[in-house]
Protein chains: 2
Amino acid sequence: ASLRHAGVSLRCQCIKTNSKFIHPRRMEDVDIFPSGPHCSNVEIIATLKNGIPVCLDPEASWVKKLIDMIIKSSKKKNKAH
Amino acid sequence: ASLRHAGVSLRCQCIKTNSKFIHPRRMEDVDIFPSGPHCSNVEIIATLKNGIPVCLDPEASWVKKLIDMIIKSSKKKNKAH
């Protein structure tokens, strides 16, 4: 889920970012917006399962690990884990 | 942008995935959905700048590189590049 629909947003969406760890199980999705004319920052917005969007710090190492962890979990889907 | 709003989707969104490289400049955002009760697959959905959503293969190495590349670009934002 995201804060905007295609083509609607004309500016940065994150005013500040959360640098504290959030467990991936609490997340419904993680939306990555590349920088561009609308916003010079890369923006990473996690939507929690309670519907609340949280801006994550793209330079925080746990955020990269989180994304890796989510993506890697696709390989374990058929294993007991 | 995403195909669904918080809490609405009850099933997998991707029927098939695109394994061909797409340049990050063509992407408006990349949305990562962890697996869960609604869908046993991790789903990665890029929305192109023309508004078209494309499901990416979470196991394709270029997809991981793409995400790394987007996130890393946040560190270069103040440099001529």
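All values below were derived from every heavy atom in this structure, side-chain atoms included, with hydrogens, water molecules and symmetry-related copies excluded. Order of the sequence lines fixes the chain letters, A, B, ..., with proteins taken first and strands second; residue numbering starts at 1 for each chain.
The candidate from A:Asp68, A:Ile67, A:Ile70 with the greatest count of non-hydrogen atom pairs under 4.5 Å with chain B is A:Ile70.
Between A:Pro34 and B:Pro24, the shortest heavy-atom contact is CG-O, 4.4 Å.
The number of heavy-atom neighbours closer than 6.0 Å to NZ of B:Lys49, taken from other residues, nucleotides and ligands shown, is above 12.
Distance NZ/A:Lys64 to NZ/B:Lys72: 7.5 Å, rounded to 0.5 Å. Taken from OG1 in B:Thr47 to CZ in A:Phe33, the straight-line distance is 8.0 Å, to the nearest 0.5 Å.
Between B:Ile32 and the choices A:Ile44, A:Ile32, A:Asp29, the side-chain contact (heavy atoms from CB on, under 4.5 Å) rule is met once, by A:Ile32.
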